[in-house]
Structures are given as structure tokens and as C-alpha cells.
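Below, chain A is the first sequence line, B the second, and so on; all start at residue 1. Fair warning: this is a prediction, and the values are worked out from it, not measured in the lab.
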Amino acid sequence: MRMRFTYSAFLVVGAFSYALAQSVVPKNPFGHGPEVVAEGHAIFNQTCTTCHGMDGSEGERAPALVGERRFFRLSENALYDTIKHGIPGTGMPALNLPDESIWKIVVFIRAMRSSASEVDVPGDVAHGKQVFSGKGGCVKCHMINGEGGTIGPDLSNIGAQITLKRMKEALTVDGPIPTGYQPVKVVTLKGTTIEGVAKNQDNFSIQLLDNQNHLHLLDRAELKSVEESKISLMPHNYDKVLSREEYNDLLAMLAKQATVNLHKKVEGDGEVGR
Amino acid sequence: MRIRALAFLLILSSSLFAQVTEQQLLQPPGKDWLTYNGSYNSQRNSELDQIKPSNIHSLVAQWAFHVNSGAPMQSVPIAVNGVLYFTQPNALYAIDGRSGRLIWDHHHPLVKVKDREGPQRGAAVYKDRVYYLTTDDYLIALNATTGSVVYEVKIAETTEGYSAPPAPFIAKGKVIVGVAPGDRGLNGWLEAYDADTGKKLWHWDAIPKPGEPGNETWAGDSWKHAGAATWMSGSYDPELNLYYLGLGNPSPDFNGDVRMGDNLYSECMVAIDLDTGKLKWYFQFTPHDMMDWDGSEVPVLVDAVYEGKMRKLLVQADRNGFYYVLDREMGKFLHGVPFVTQLNWASGLTAEGRPIRVPGIEPSLTGTKVCPSSIGAANWMSPAYNRDTNLFYVVALEGCGLATKNTETFRPGGFQYRAGGDVLLHNADWKVYVRALDLITGKLVWEQERVGNMGLGGGLLSTKTGLIFSGELNGQFVALDAKSGKTLWHFNTGEGINAQPMTYMVDGKQYVAIATNTTVFSFALLDHEKGAAK
């Protein structure tokens with residue numbers, strides 16, 4: 001309970017200083033359209049890449065602005081403030097840029113950090129659905145709103161959960177296999193072979209979901225062998241097997257899958273999130 | 001109401017997941033534990049016979065699964081093919097019943113209503129889905145292997161003061177749900193939903209409206225803020241197709257002056273036709289109650305010989321201090337006796353089962369000693385029945401309260417509407433027991449005091465081998481001899497217990513599990529021979 005108390009005390013203080021500062025809080029004059037994002041992108045690549053990497057990636061002297069860091073600034077004002085005034089005590093300087101440029105960069109950074117459902121992803125959503133259940137074969141492994149396979153993650157809320165960048169990577173780039181989706185093949189002492197993904201495991205047990213949607217509660221002492229595949233069941237070549245149009249429409253459709261906007265909820269006007 | 005269905009055309013390989021069938025739900029609890037009280041008759045008497053009085057000394061903890069944060073757990077794990085499903089308020093966990101390892105969990109974010117943080121008593125299973133209710137009144141259906149949401153249906157308006165603590169009850173593909181608004185001056189009801197689609201099938205109001213029979217038992221407009229909550233999971237007789245549930249207290253709890261009359265169907269046992277949602281019969285335990293004695297204690301269904309004739313009985317140890325034997329076909333009262341000694345409000349029951357009140361023993365402006373207290377002689381902790389001993393086992397509280405009433409009026413928006421309360425008289429006589437009653441006569445056969453406990457704690461589990469498992473509020477998990485009440489085994493979980501034990505079997509090994517406030521523990525025999533038991 002102590003934690004909670006401190007936290008709310010902190011909020012109260014925060015609210016006061018916010019109220020004081022409110023009269024001078026600057027406002028983004030440009031909105032969030034794709035053109036603004038593009039302009040901000042260009043200015044960023046010209047101005048900031050002596051330290052940060054191109055397109056917001058990691059640079060020689062500064063961290064990536066996109067990526068999996070635990071805390072980062074989300075609200076427009078926090079980003080504006082960082083670029084305008086720098087981060088005292090760190091290598092991030094105050095940058096002497098016109099306000100207009102700052103705001104465009106802010107919009108660009110926000111777009112990189114926003115979940116896919118918050119950015120404009122052009123494409124034919126209805127056709128994307130067809131690709132999902134047809135040519136893409138996604139529905140065999142993924143469920144959306146209660147319909148579909150169970151071996152892959154439920155995608156009902158995927159638009160709100162990950163960024164567009166991450167979404168593209170999920171479809172096209174091999175990456176580490178997330179917990180709960182490690183493909184395994186086990187052979188029991190009795191000689192039965194079971195294949196599927198390990199929902200969980202430790203030194204003594206494996207909770208295995210097989211390809212027929214059956215859970216196996218396995219004790220390692222009863223297993224002859226356990227083989228872990230290095231390759232995820234998730235195919236990562238959709239940019240190649242799908243046409244450009246099919247791929248884009250699929251992305252547009254996935255970006256729309258947002259049942260609970262968890263991202264928005266934690267963000268609020270807060271400075272750190274996700 | 002929020003139901004999502006997709007227009008996608010699906011070509012799926014047929015699922016081989018072992019589904020929970022209607023047929024399985026009709027069985028007594030064995031390998032699986034499929035409902036809140038283990039089976040439709042709520043006897044909580046397991047068929048498993050591996051753990052018995054002769055070997056219980058070697059019962060040892062197998063694993064513990066800890067849940068962070070949240071209200072103290074009141075959930076009974078459901079077991080299907082070795083997977084345990086249990087709830088915390090607004091969360092459901094699926095864990096491996098052998099190892100206690102997490103398979104998946106589902107968290108329901110409270111978006112708006114922060115103050116509805118009531119308890120949650122468990123999940124229900126049917127086919128390849130798991131169902132539970134949330135404090136902000138959603139019925140959620142999840143895929144049993146992954147926890148994917150199949151549908152979410154809003155069943156009540158949370159901002160008005162409703163929350164939904166019971167484990168859903170499923171029979172014949174219908175999910176029966178109830179709500180807990182009874183201390184907030186809102187009226188209770190029951191609803192049935194189609195398990196497959198989430199479509200509402202029927203609605204039954206626990207308080208009759210003007211023109212309906214029973215409305216005349218409420219003076220003036222008092223029926224409008226009348227209570228009779230439906231906050232527990234009931235019992236079901238498949239032959240009679242009747243669903244039995246005990247209803248909650250009338251509102252306001254402690255001041256009866258503003259609601260003269262019997263106040264139907266508050267504190268009634270009701271028998272509802274499962275298909276139509278129509279009331280078949282009712283029996284009221286405490287007409288015009290003024291002590292918050294919800295009649296929500298678990299109805300246990302037993303077929304037994306009564307006065308020379310085989311009868312379908314329903315027995316209940318009520319919060320008001322009386323043990324009742326009813327005929328569950330027509331709701332006829334057969335027999336009733338007190339199961340606590342500290343009972344001063346009634347001198348007995350009439351031939352129809354109506355309490356004979358002692359004048360003046362009711363809440364007053366200055367305070368009156370009423371026994372039992374408002375906590376009751378019994379409460380929602382599950383009782384158990386064992387056919388071999390023919391005993392009914394119940395957690396009983398001996399104790400009184402100093403009860404007062406006031407003239408508080410109803411306020412909309414989910415505020416408490418109790419108009420009084422009682423000071424619990426925690427003196428030397430305040431004691432908690434596990435009591436074994438003769439099924440038919442209600443006579444005390446043995447009792448075991450839960451020494452050092454001030455509250456009721458958790459309920460009971462019976463096994464056909466003659467064991468009674470009992471979870472105490474002070475954290476002791478105990479096994480008693482069903483015949484004598486002698487303590488045979490105990491384990492200090494180190495934390496309060498407010499839930500009911502259950503038992504299940506995986507791969508030839510029997511486990512007994514119970515939720516403490518934050519942790520599920522599971523026990524099995526140390527020297528169990530796997531091969532031999534199969």
C-alpha cells in the first residue's frame with residue numbers, strides 16, 4: 001500500500017505543476033497526416049543523425065528512438081520539450097531548430113512509436129481479410145475474435161499491441177521466438193511423438209499445445225527426447241509469397257484489429273509508457 | 001452487449017481438443033472437477049479413491065501457484081483433463097494440474113469502473129471453452145487451450161451498482177449468470193445465455209413487479225429497491241430440469257419498517273425451469289428478514305428415503321441458523337431444526353417451515369442482541385454430503401450480533417443501502433465448527449472446532465474414501481475422518497483460506513487443491529505408485 005500512496009502523492013504534485021504550466025503549453029499546429037510524418041522524417045535524417053541513427057534507429061552516440069526500451073517519452077509535449085531543451089546531464093543537447101521543424105519531427109517520432117492502429121495504413125481492409133483467411137493461410141494458426149487456429153498468438157488486438165514497424169518485421173524477418181511459441185517435438189518413454197509449441201516449460205515439465213489444439217501436460221522424467229526447433233512456425237517470407245498489393249492490404253487489415261486500446265490507456269498524458 | 005462474430009470463411013482441421021460434454025457434466029466428480037461444486041447436485045463428494053484415511057499421513061504439497069495482487073481468492077479451480085482453470089477478480093488462469101505451471105492467463109482490464117472490486121468465485125467449462133464473469137459485469141467466453149476471447153457480453157449496468165461474483169453455471173448449453181446488488185438496493189435477477197453464441201435466452205426477475213404474484217408482499221413502492229441478489233452458483237436436477245438457487249437478502253438489510261410484508265422472493269430457495277426461466281416453486285427461509293441473512297447457501301440435492309419413501313430432497317443449512325429438508329419436486333417443506341445453539345430470534349418452525357419469531361429480537365434503534373449475527377450461522381462456504389456416512393457436513397458459526405437499524409434511504413448509483421448493521425459480539429462463545437448432521441433429522445453427529453478462527457473461512461470437500469477436507473480462515477488445510485470428525489492430516493498454508501477445496505486426477509495420480517488468498521496449493525501422496533493406480 002505504501003507504493004500506491006507514494007504514487008498518488010506524486011500524481012498530485014504532477015497535476016499542480018501541470019496546471020501552472022498550462023497557460024504556456026505549446027501546441028502542435030500541423031496534425032498527424034502522412035505528409036507531416038514524411039517531412040518530419042526528412043528533417044530528422046538531416047539534423048539528428050550525427051548522433052541518432054537513420055530513420056530513428058540506433059546511432060553512434062545516441063539510442064534508437066524506436067525499439068524495445070522500457071521507458072520513453074510518448075506525449076507530443078514531452079517530445080517537443082526534449083528536442084527544444086535537450087535532456088540535462090546527458091548527451092542530448094538542446095537543438096536550435098525552428099518550432100515548425102520540431103513539431104514535424106515530433107509527429108514523425110510519434111508515428112514511429114504509435115501502435116499500428118493509431119497510424120494511417122493505406123490499403124483495402126476487406127481484401128486484407130480475404131488474404132488472411134485465403135492465400136496467406138494465417139487463419140490456420142491465428143485467431144481473430146474467436147475464429148481461427150490456436151497455435152499462433154491471438155491477433156484480435158494486434159493493431160493496438162505493436163507498431164507498424166514491428167508488424168512488418170513479424171511478417172518478413174526471422175526473429176527470436178517469443179515465449180509460449182517455441183516449436184518442440186517430444187518423444188515419450190512409450191515411444192509416442194508429440195509436436196507443437198511449448199506454452200511454458202522448466203527443468204521438470206513442459207506444457208505443450210499440439211497442432212490439433214490439444215494440451216499435453218508433460219513431465220520431463222517421462223520423455224525420451226525433447227527437440228527444440230530454431231525456426232518459428234510463423235513464416236517470415238510474406239513480402240515474397242504475397243503480391244505487393246496483397247501484402248499492403250493485409251497490413252491495413254491487421255492494423256485495424258484493436259479491441260482494447262491498451263496503448264492509449266497507459267499513455268494518457270503521461271511521459272513514459274508501454 | 002458486445003458480440004463479435006467474423007465473416008471469415010474458415011476451413012479448419014477439426015479440433016481434437018477433448019471437449020467437455022453434457023454427458024460428462026452429469027457425472028459425479030471423479031478425474032475432472034467440472035463445476036463450482038463439482039457436480040450438478042453440489043454434493044462435493046468425489047469418486048476418487050487413491051487418497052484415503054489409511055494413507056493420508058503421506059499427503060504432501062506438490063506445487064503452489066502464486067497470483068499477484070487482487071482481492072483474496074474465493075475461486076474453486078475447475079479441472080479438465082489435468083488443466084486447472086481458476087479466477088481472480090477480472091482474471092482467469094489456466095495451469096498445469098501436475099506441475100502448477102502457467103499455460104495461459106486472461107486479464108480483463110477495467111476501463112471505467114474502478115470501485116467494483118468484488119470477489120469472483122470461479123469459472124465454468126463447456127465444450128472447448130471456459131467462461132467467467134467480471135466485476136464490471138461481462139460474461140466472457142475463452143478458448144480453453146489458448147485463452148483467446150471468443151465473446152464478451154455485457155450482462156448488467158455496472159455504474160448502477162451491479163457486479164457479478166458467481167461462477168457461471170452451465171447446463172444443456174445454457175450459461176446461467178447472476179448479480180450481486182443486494183446491499184445496494186438493486187433488484188436481483190437470473191439470466192441464461194446460449195453458451196455457443198452468447199445470445200440471451202431468458203431473464204427472470206427475483207422481485208415480482210406490480211400485477212405479478214408476490215408483489216403484494218412488499219409495502220408501497222418498496223419492491224423497487226428490494227434486493228434478492230443472485231450472487232452464487234446453484235444446483236440442477238436434470239430429470240426435473242430445475243435449477244435451484246438461494247436468493248439474497250431484502251433491501252434495506254436491517255430496517256424492515258419500510259418494506260412490510262414477506263418480501264418475496266428474497267431469501268427464498270427458488271426452482272427455475274432451465275428451458276423457460278419460469279419459476280416452478282419457491283420456499284422462503286426467512287420471511288421479512290432484518291439481519292442480512294441471505295438464503296444463498298448452497299442447496300445440496302440428495303435422493304434419499306424419507307419417511308419410508310424414496311424422495312428427491314434438497315437440503316440447506318441456512319444463514320438464519322436452521323437446517324432444512326425440502327422436497328425438491330414441489331418445494332414442500334419436510335423438516336427443519338437449528339444446527340447452532342446460539343439462536344434466539346425464532347422458537348422453532350411451523351409445520352409449513354415458517355419461523356416462529358420471538359417478538360423484539362430484531363434490529364432496533366438502540367441495539368438488540370440477535371443470534372446468529374448478520375454473518376450468519378452458515379454462509380456461502382460449500383457444504384458436502386457423503387452417501388456412505390449419510391451425513392451432511394457444514395461450516396457453522398456460533399455467535400451473536402448487537403443489531404441496530406436506522407432510516408437511511410435509497411440513493412441511486414450503487415451506494416450501500418443497509419439502514420443499519422450489527423456489532424459482532426466476539427466473546428468466548430464466538431466459535432467456528434465443522435459439523436456433521438444426520439441428513440434426514442439434522443441431528444448433530446460430530447463436530448470439530450476450528451480453534452483460533454474468528455470467521456467462517458473456506459468450505460468442505462468429501463471423498464468416497466471417508467475424508468472431509470476443510471480450509472480454515474487461519475490458513476490450516478485439514479483432513480477429517482468423515483465418520484468421527486477426527487483430524488487426520490493438516491498443512492499450514494500460511495495464509496487465509498476463503499475458498500472451497502476440490503480434487504482431480506491426472507495420469508493416474510489424485511490431487512487435492514485449494515486456493516488460499518493469493519496461492520493455489522495442490523497435494524498428492526508421496527509414495528503413490530503411478531503404474532499400480534492406473
Here the pair of heavy atoms bringing A:Asp154 nearest to B:Ser148 is OD2-OG, 2.5 Å

Is B:Asn143 in contact with chain A via its backbone, its side chain, both, or neither, using a 4.5 Å heavy-atom distance? side chain

What part of B:Val83 is in contact with chain A, defined as an atom under 4.5 angstrom from a non-hydrogen atom: side chain, backbone, both or neither? both

Check each of B:Asn81, B:Ile103, B:Ile95 against A:Leu217 using the side chain to side chain contact (heavy atoms under 4.5 Å, CB included) test, and report the only one that passes. B:Ile103

If a pair satisfies salt bridge (charged side-chain N to carboxylate O under 4.0 Å, His left out) and one of its residues is in residues 246-258 of chain A, list it, with sequence neighbours excluded. A:Lys135-A:Glu246

The interface call for A:Leu218 against chain B, heavy-atom contacts under 4.5 Å, is backbone

Within residues 194-209 of chain A, contacts to chain B at heavy-atom distances under 4.5 Å involve A:Lys199, A:Asn200, A:Gln201, A:Asp202, A:Ser205, A:Gln207, A:Leu209

Spacing of A:Thr150 atom OG1 and B:Trp104 atom CH2 [to the nearest 0.5 Å]: 12.0 Å

So does A:Ile231 have more than 12 non-hydrogen atoms from other groups sitting under 6.0 Å from CD1? no

Residue pair A:Glu222, B:Asp507: steps toward the side chain to side chain contact (heavy atoms under 4.5 Å, CB included) verdict: CA-CA 11 Å; A:Glu222 298 159 5; B:Asp507 209 20; 3.6 Å; yes

Going through the checks in order, is the side chain to side chain contact (heavy atoms under 4.5 Å, CB included) test met by B:Arg98 and A:Asp219? CA-CA 8 Å; B:Arg98 302 178 75 184; A:Asp219 187 333; 3.6 Å; yes

